[in-house]
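Accompanying notes for the structure given below.
Remember, predicted model here, so these are calculated numbers, not experimental data. First the proteins, then the strands, lettered A, B, ... as listed; each starts at 1.
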Protein chains: 2
Amino acid sequence: MVDVVVFGIIDDLRTLFIKRQSKEEAPDEPFPNHWALPGGHVEIHETVEQAGERELFEETNARNVFMEQFHTFSGPDRDPREPTISTAFYALVRPDTLVLEARSDAKDIGWFSMNHLPKLAFDHADILKMALERLRDKALRQPIGFELLPKKFSLGQLQSVYEKILGRALDKSNFRRDFLRMGILEELSEREEGVSHRPSQLYRFNKRTYDNLKKTGFRFEI
Amino acid sequence: MVDVVVFGIIDDLRTLFIKRQSKEEAPDEPFPNHWALPGGHVEIHETVEQAGERELFEETNARNVFMEQFHTFSGPDRDPREPTISTAFYALVRPDTLVLEARSDAKDIGWFSMNHLPKLAFDHADILKMALERLRDKALRQPIGFELLPKKFSLGQLQSVYEKILGRALDKSNFRRDFLRMGILEELSEREEGVSHRPSQLYRFNKRTYDNLKKTGFRFEI
DNA sequence: ACAAAAGTGTTTGTTGTACACCCATGC
DNA sequence: GCATGGGTGTACAACAAACACTTTTGT
């Protein structure tokens with residue numbers, strides 16, 4: 001099996017859950033009416049990565065999304081029906097680019113803020129908890145903030161993303177200095193428009209430069 | 001399935017492999033006479049962690065060993081017989097405490113230095129490569145060097161372990177300063193004996209202090 | 001003029017890095 | 001006395017952290 005923790009930013013950091021069917025709709029299914037992570041079985045010809053991507057696509061119609069395996073959960077009691085082994089992934093998406101769609105076997109689909117979670121099915125609360133830990137760890141060591149932003153963004157937006165992931169405030173001056181020093185941001189000739197304050201400079205992430213730097217032993221770190 | 005990469009230090013950093021049977025002994029088994037990682041199936045009542053521990057015990061008679069899950073490998077072509085999904089672990093042991101034992105279905109068992117590896121079965125070379133990456137990453141952020149040393153050790157031994165894990169030289173003065181500053185080493189009233197140079201002070205790792213420090217947000221780092 | 005966020009500069013203390021050097025022991 | 005690894009001290013550069021300040025926009 002695979003389970004996918006989908007992170008996106010809508011005001012704050014949120015994750016995507018799917019509502020399971022009621023007792024009447026599916027008498028044999030455990031955790032009726034509970035919210036659960038998107039996921040499912042691995043097909044015979046697939047890798048677990050492919051299965052994760054497929055499941056995500058089925059729910060969100062999103063392709064080419066940042067996704068990383070982080071842990072495999074197992075044990076005889078995870079699912080009351082039978083022992084299961086499930087590899088868990090976290091994915092980073094931009095919610096505005098998705099087309100959510102509750103499939104036949106799901107009643108509903110929705111975003112939940114980390115501080116207002118519903119009751120979750122199975123051990124999905126544990127999976128979510130670990131996903132968040134890993135995401136935070138990752139954010140400090142690899143430039144993944146961009147995955148949650150549009151191509152063009154301001155340093156203010158970028159800082160905000162990192163603050164939401166890490167759950168703590170960052171110093172503006174230091175954040176900018178550090179990020180610009182790395183040289184992986186490309187300054188565009190565009191600026192923000194229509195805001196009632198000084199418009200911000202827009203940047204984009206230069207993946208090529210980052211990849212080159214990585215080869216030379218450079219280590220991203222916040 | 002589970003696979004276990006067992007690391008130990010014998011002169012340099014080595015890993016434990018098991019020799020598969022020959023074509024004559026087991027005509028239907030793939031990779032005859034190849035060396036392979038210890039591993040096997042997950043029993044119905046087990047977690048993958050328990051399966052990893054069991055497999056390790058069966059080969060080495062070692063219990064209570066540091067072991068960590070690091071990745072799940074999958075895909076239809078990993079095993080020529082059938083698609084398999086295997087969760088991989090790395091373990092840290094002290095080779096002198098083990099009782100190696102080639103089980104019925106294995107011809108031989110042995111330690112191999114990372115720079116003199118034999119031809120490996122399946123995708124075990126990939127698994128080993130990732131295990132080493134993860135081990136190095138871990139070594140920089142968590143005090144695991146002790147797992148490869150006896151209870152009592154000198155700072156020189158400790159530094160040597162880290163150098164072997166990381167594959168690069170470390171500055172003696174800085175290494176000592178940093179480690180002692182953390183306060184997780186307990187100075188013993190013993191010193192090294194019978195060496196033809198100044199005898200070294202012996203220490204032991206104080207896990208309780210480390211756990212307390214961790215709670216206060218302390219982060220081990222080299 | 002004011003609010004609001006963008007953007008800059010500076011100061012202070014801490015840490016990383018690279019050395020040079022002294023110490024205790026066996027041979 | 002010499003070789004060997006243990007153990008210490010220091011100087012410089014780089015960096016983290018905290019904070020105050022200036023700039024540019026819309027209302």
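Regarding B:Arg198, its CZ atom lies at a distance of 10 Å from the P atom of D:dG6, rounded to whole Å. As a whole-Å value, the separation of A:Gln201 CD from D:dT23 C1' is 14 Å. When rounded to the nearest whole Å, the span between CZ of B:Arg191 and P of D:dG6 equals 12 Å.
Contacts between residues 169-180 of chain A and DNA chain D, defined by a heavy-atom separation under 4.0 Å, are made by A:Asp171, A:Ser173, A:Asn174, A:Arg177, A:Asp178. Within residues 157-165 of chain B, no residue has a heavy atom under 4.0 Å from DNA chain D.
Judged by distance alone, the side chains of B:Lys119 and B:Asn33 never bring a donor and an acceptor atom under 3.5 Å apart.
Running 5' to 3' along DNA chain C, contacts with non-hydrogen atoms of chain B at under 4.0 Å begin and end at C:dG16 to C:dG26.
Scanning for side chain to side chain donor-acceptor pair (under 3.5 Å) contacts around B:Thr84 gives B:Arg78, with sequence neighbours left out. Remark: A:Glu147 engages no residue in a side chain to side chain donor-acceptor pair (under 3.5 Å) (not counting sequence neighbours). Every ring pair (Phe, Tyr, Trp, His ring centres under 6.0 Å) that B:Phe73 has, sequence neighbours left out, goes to B:His71. Residues satisfying the ring pair (Phe, Tyr, Trp, His ring centres under 6.0 Å) criterion with B:Phe70, sequence neighbours excluded, are B:Tyr90. With sequence neighbours left out, the salt bridge (Lys or Arg N to Asp or Glu O under 4.0 Å) criterion links A:Asp77 to no other residue. Taking B:Phe66 as the reference, nothing meets the ring pair (Phe, Tyr, Trp, His ring centres under 6.0 Å) condition, with sequence neighbours excluded. Looking at residues two or more places apart in sequence or on another chain, you find a side chain to side chain donor-acceptor pair (under 3.5 Å) between A:Glu163 and A:Gln159. By the side chain to side chain donor-acceptor pair (under 3.5 Å) test, B:Asn115 is found to be paired with B:Ser113, residues two or more places apart in sequence or in another chain being considered.
For the salt bridge (charged side-chain N to carboxylate O under 4.0 Å, His left out) condition, the pairs that include at least one residue of residues 172-183 of chain A, sequence neighbours left out, are A:Asp178-A:Arg181.
Closest-nucleotide positions on DNA chain C for A:Pro199 and B:Pro199 were compared, and the one nearer the 5' end corresponds to A:Pro199. Heavy-atom distances to DNA chain D give each of A:His197 and B:Ser200 a nearest nucleotide, and the one nearer the 5′ end belongs to B:Ser200.
Checked against a 6.0 Å centroid threshold, the rings of B:Phe179 and B:Phe205 do not count as neighbours.
B:Glu192 comes within contact range of no nucleotide atom at all, as no heavy-atom separation falls under 4.0 Å.
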